[in-house]
Amino acid sequence: MLSNVNADFSARAAKLRRKTLELVDELSQAGLAQDRGASEALIRVVSAANQLGVAEALLDPARGTSAAADAGRPQLSQDAAIVLALAATAVPFAASREDEAERWVRILRMHGQVGSAMQSLGVPEAPLESPAQDPGSRVEHQAEGGSDVVEAIGDRAADLTRRRAADTVTTVDVFFAVLEAYGPAFDRALYARGATRDDVIARLAAAARV
């Protein structure tokens with residue numbers, strides 16, 4: 001009986017988290033992330049979404065073990081947290097794998113070290129949403145991937161963070177996780193905006209030496 005109650009509370013926490021992520025998307029679209037003072041509000045909303053995710057996992061008996069495992073994960077930097085939160089609201093609704101890759105480019109271009117590198121290369125800003133596409137293909141693609149794609153990117157970014165013996169996931173970790181996941185599709189999305197992965201990596205390396 002208690003398990004059923006917990007599962008119900010977990011579902012309600014999941015619903016609240018989705019609403020919170022929608023708010024993250026709206027705040028970012030309003031330019032809040034670019035304002036140094038107002039960005040604190042965005043960071044706190046992202047934190048609330050992350051905490052709701054933890055609560056969802058703890059309340060759902062089927063996910064209890066995965067929640068315990070997450071306790072040992074590296075922490076997310078503020079920029080990485082925003083990138084993954086925005087991706088969770090945008091990527092699952094892409095119409096194709098190529099559309100997913102383009103959305104990652106748009107999101108990464110806005111935040112952190114990777115965002116600075118892309119902006120210095122002249123990668124243009126673009127809305128997170130793509131132009132309207134055939135609804136049928138959109139539904140079909142969502143059924144194939146869904147939010148699991150973003151979760152997998154987050155997991156891989158955490159793995160890369162551990163490999164470099166660090167305790168904080170940055171946008172650089174997310175960037176390399178996306179490169180692994182999307183390969184040529186991400187390369188094409190970057191190239192369409194006048195840059196290559198080598199360009200971005202070179203800028204990141206140069207910034208690290210400063």
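For reference, positions follow the sequence shown, starting with 1.
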Looking at every heavy atom in both [X] and [Y], which two are closest together, and how far apart are they?
X      : Y      : value
Leu86  : Met110 : CD1-CE, 4.4 Å
Ala157 : Ala177 : N-CB, 3.8 Å
Met118 : Val200 : CG-CG2, 4.3 Å
Thr171 : Leu108 : O-CD2, 4.2 Å
Val169 : Ala80  : O-CB, 3.4 Å
Pro92  : Thr89  : CD-C, 4.4 Å

Notebook entry, point to check: Would the number of heavy atoms belonging to other residues, nucleotides or ligands and lying under 6.0 Å from CZ of Arg163 be above 12?
Noted result: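 12 or below, so no.
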Notebook entry, point to check: Does CD belonging to Glu180 count more than 12 external heavy atoms closer than 6.0 Å?
Noted result: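 Yes, enclosed.
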Check: Would Tyr191 and Phe186 satisfy side-chain contact (heavy atoms from CB on, under 4.5 Å), going step by step from the backbone distance to the final call?
Finding: CA-CA 9 Å; Tyr191 186 76; Phe186 190 81; over 6 Å; no
[X] side chain to [Y] main-chain N or O, any donor-acceptor pair under 3.5 Å?
X      : Y      : result
Arg188 : Glu98  : no
Gln119 : Arg109 : yes
Asp199 : Thr196 : yes
Thr168 : Gln75  : no
Arg193 : Ala189 : yes

Can you tell me how far the [atom1] atom of [X] sits from the [atom2] atom of [Y], to the nearest 0.5 Å?
X      : Y      : atom1 : atom2 : value
Glu100 : Arg103 : CD    : CZ    : 8.5 Å
His111 : Ser77  : NE2   : OG    : 11.0 Å
Phe176 : Arg156 : CZ    : CZ    : 11.5 Å

Margin query: Once you measure the plane-to-plane angle for Trp104 and Tyr182, does it fall in the parallel (<30°), tilted (30-60°) or perpendicular (>60°) bin?
Written below: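 The arrangement is tilted - the two ring planes meet at 30° to 60°.
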Note to self: Within the structure provided, determine whether Asp99 and Phe93 are in side-chain contact (heavy-atom separation under 4.5 Å).
What the structure shows: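 No, too far: nothing below the 4.5 Å cut-off.
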Notebook entry, point to check: Is there a side-chain contact between Thr161 and Asp167 (heavy atoms, below 4.5 Å)?
Noted result: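 No - every pair of side-chain heavy atoms lies 4.5 Å or more apart.
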Margin query: Please evaluate residues Gln113 and Thr170 with respect to the criterion side-chain contact (heavy atoms from CB on, under 4.5 Å), reporting the C-alpha separation (whole Å), side-chain torsions for both, the decisive distance (0.1 Å), and the verdict.
Written below: CA-CA 8 Å; Gln113 297 160 277; Thr170 70; 3.7 Å; yes
Next item on the list: Would you mind checking if Asp173 and Arg164 are paired as a salt bridge, meaning a charged N to carboxylate O distance below 4.0 Å?
Entry: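 So Arg164 pairs with Asp173 through a salt bridge.
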